[in-house]
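I have placed the structure first, in the form of structure tokens, so that the comments after it can refer back to it.
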Amino acid sequence: MLEWAASIGTFCLLLLWSCKRWLSARLQGSVEELEEGYRFVYKPSALANYLVQRCRTFHGFGRARWIWKTFPTLQTLVGLLGPVDKGVHFIREYLQMSDEGLVALDWAVKPGQPQRRRRASSNSTVPILIVVPNSYGKITRNTSKMCHLALTHGYQAVIFNRRSHNGCPLSTVKLQQYGDPNDLREVIQYIRHCQPSSRLFAAGEGTGSGLLLSYLGECGSSSYIAAACCISPLFRMQDWFEGGCPWLWKEILLLYQKMHLSRYTSALGQTINTDRLLGSRTLKELEEVLFCQTKALNSLTWDSYWERNDPLRDIDEVAVPVLCICSQDDPVRGGTQTTVPFELFETNPHFFLLLTQHGGHCGFIKEDLSSTMWSHSVLLDFFKSTVDFFTVEERLKTLSKRKGTISISGNRTPRCALSCRREQSCPHNIHEIYNWQRSYTR
């Protein structure tokens, strides 16, 4: 009898817990079970409903019969260390920042095109995809394949290279902190100045997603970005540096970063202890030596460093749609329940989470090693659907305005004229701006 009572009690507790989870999802957010092993997490809104109906690629990865997709480490290694796509070449352009530092822009072109980039007309409306690669400066196979697919879909694709990354010269002793968006802000302003008529989209890969989220949070509605996508983002970076990174990937990333920074020891020796840098045994120690334990008088503590660089520090200020593509078996990020902020996607209408069962870290190989990455197809489909949704919204808004104008002009009364004058007396167009930016969150 006691065993039966314990079983019934356990069942009741599980039932109450399930009801609580269901009620919480109904009140705060929604989890769409696309197919077996896939979840689309979002706060219900007009845009979310539109994406569920129109983004067919959200369902495609589960139909792939490639047996190796169940091996996350293999997918990750192929994506990070595999050969770059031969169907795309890059033309480099250097930009000098306001503090005389240099960053590099690699514009993707098809093979056979001139090795010097022709400046697009300022009236060009070709959309531009700005790719923010991982924070370790390596242009991966995934990055090149993303640019190749963007070219075939009519985009201009450009990779943002941080200071000293991917062959970009280090002209100052300043390195870019993990979440410092100042250089990216100047780059986007430059691209916007050159092609003001083009829509700008942004994609972050792995640890590069942290910089993209920092930029979107700091700039808010002034980011010039129409929509953004983060592939395998790492959300809780301080915890990840303090021990969340698995041992194998920690050693690989630590060795790669030491090899990269060893070329600048003479220059960086002016501001940091290079012996301690090259002797670092963890990613946290290396990051601390670079940005906290410097020779400057106003050096930062570890906690204050992350107060300035946490990707989620200004997340409530993001004002554009952002899709995050994650896998449950990501070997770099760690366990899903402790590393993915589900409450963000359930309560913020600007953020959408597409969570898969398999895919690794920036893997998502769909069929074979030469095929298109599933995450890249989803990314472009998300951008197209978002633009289509806003186009429909603008048309409906324009039609409603016209109907209102016709109604007022055909049936004008003193009371109507008075209300019209009151409406025109508003000294700014803040209501129109607010509706244009936030109407999809209703």
Side-chain angles (χ1 to χ4, degrees), residues 77 79-84 89-108 115 131-144 147 158-184 186-187 204-208 210-211 234 237 240-241 245 248-296 299-300 302 305 309 332 362:
L77 287 174
L80 295 179
L81 305 179
V84 297
H89 292 169
F90 295 97
I91 299 176
R92 174 153 292 190
E93 179 180 10
Y94 290 102
L95 288 182
Q96 188 175 50
M97 301 291 97
S98 57
D99 64 349
E100 299 184 356
L102 282 180
V103 299
L105 299 180
D106 288 338
W107 294 89
Q115 293 302 307
V131 181
V132 183
N134 60 77
S135 62
Y136 297 97
K138 178 175 174 56
I139 301 302
T140 63
R141 176 177 181 271
N142 284 347
T143 307
S144 62
C147 294
V158 57
I159 298 176
F160 166 70
N161 297 287
R162 298 171 178 83
R163 307 178 186 212
S164 80
H165 283 190
N166 193 26
C168 180
L170 183 64
S171 59
T172 66
V173 294
K174 176 186 176 183
L175 293 174
Q176 185 176 0
Q177 297 180 1
Y178 178 82
D180 181 6
N182 289 328
D183 289 352
L184 182 59
E186 291 190 42
V187 166
E205 178 194 49
T207 52
L211 178 59
L234 304 180
M237 285 307 301
W240 187 79
F241 271 98
C245 181
L248 173 64
W249 297 104
K250 180 197 72 174
E251 295 299 325
I252 293 175
L253 295 174
L254 191 61
L255 177 61
Y256 180 83
Q257 201 163 9
K258 285 181 181 180
M259 292 173 58
H260 166 71
L261 293 171
S262 63
R263 295 178 293 176
Y264 306 105
T265 52
S266 57
L268 295 176
Q270 303 175 30
T271 58
I272 64 175
N273 187 328
T274 55
D275 292 335
R276 188 179 298 174
L277 173 71
L278 299 178
S280 301
R281 296 184 178 181
T282 64
L283 292 173
K284 178 189 175 183
E285 288 181 18
L286 189 141
E287 195 80 3
E288 277 188 302
V289 172
L290 281 176
F291 302 110
C292 300
Q293 300 172 0
T294 63
K295 298 177 182 179
S299 57
L300 299 171
W302 180 247
Y305 172 77
N309 292 277
V332 177
C362 298

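Predicted model only: the values in this text are computed from it and were never measured.
- Looking at heavy atoms from C-beta onward, L290 lies in side-chain contact with L261 at the 4.5 angstrom threshold.
- When atom types are taken as modelled, the side chain of K250 and the backbone of C245 share no donor-acceptor pair closer than 3.5 angstrom.
- At a threshold of 4.5 Å between non-hydrogen side-chain atoms, the residues L102 and T172 do not count as touching.
- When atom types are taken as modelled, the side chain of Q176 and the backbone of D180 share a donor-acceptor pair closer than 3.5 angstrom.
- Ring geometry, W302 versus Y305: the interplanar angle falls under 30°, so the pair is classed parallel (tilted spans 30 to 60°).
- No side-chain donor-acceptor contact under 3.5 Å links T265 and S262.
- Proximity of a side-chain donor or acceptor of K258 to a complementary backbone N or O of S280 within less than 3.5 Å is detected.
- Closest heavy-atom contact between Y178 and T207: OH-O, 3.0 Å.
- In this structure, OH on Y136 lies 5.5 Å from CD on Q257, to the nearest 0.5 angstrom.
- Atoms CG and CG, on L286 and L253 in that order, are 10.5 Å from each other to the nearest 0.5 Å.
- Side-chain contact between T143 and V131 is present, with heavy atoms from C-beta onward closer than 4.5 Å.
- Residues that satisfy the side chain to side chain contact (heavy atoms under 4.5 Å, CB included) test with Y94, not counting sequence neighbours, are R92, A104, C168, P169.
- Using modelled atom types, one side-chain atom of S171 and one backbone atom of E100 make a donor-acceptor pair closer than 3.5 Å.
- Within the 3.5 Å criterion, the main-chain N or O of G208 finds no donor-acceptor partner in the side chain of S135.
- The backbone N or O of S98 lies less than 3.5 Å from a partner atom in the side chain of E186, making a donor-acceptor pair.
- A heavy-atom distance below 4.5 Å is not found between the side chains of I272 and V173.
- Separation of atoms CG (N309) and CG (L300) is listed at 8.0 Å; rounding is to 0.5 Å.
- Ion pairing between a basic and an acidic side chain is recognised when a charged N comes within 4.0 Å of a carboxylate O; R163 and D99 show such pairing.
- Heavy atoms only, all atoms of each residue included: T140 and G79 are closest at CB-O, 3.4 Å.
- Annotation: side chain of Y264 is not in contact with side chain of L175 (no heavy-atom distance under 4.5 Å).
- Taken to the nearest 0.5 Å, the CG atom of N166 stands 12.0 Å off from the CZ atom of F160.
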- request: Give the intermediate values and the outcome of side-chain contact (heavy atoms from CB on, under 4.5 Å) for residues E205 and V132.
  value: CA-CA 6 Å; E205 178 194 49; V132 183; over 6 Å; no
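- Between D183 and R162 there is no side-chain heavy-atom pair separated by less than 4.5 Å.
- Between the E285 side chain and the R281 main chain, a donor and an acceptor come within less than 3.5 Å of each other.
- Remark: side-chain polar atoms of T274 are not paired, donor with acceptor, to backbone N or O of L277 under 3.5 angstrom.
- When all heavy atoms are compared, the tightest approach of F241 to K284 is O-CB, 3.4 Å.
- A distance of 13.0 Å separates SG of C147 from NE2 of H89, quoted to the nearest 0.5 Å.
- Taking CG of N161 as the start and CZ of F90 as the end, the distance is 9.5 Å to the nearest 0.5 Å.
- Panel note: side chain T294, backbone F291; no donor-acceptor pair is recorded below 3.5 Å.
- Side chains of L105 and V187 form a contact here, defined as non-hydrogen atoms less than 4.5 Å apart.
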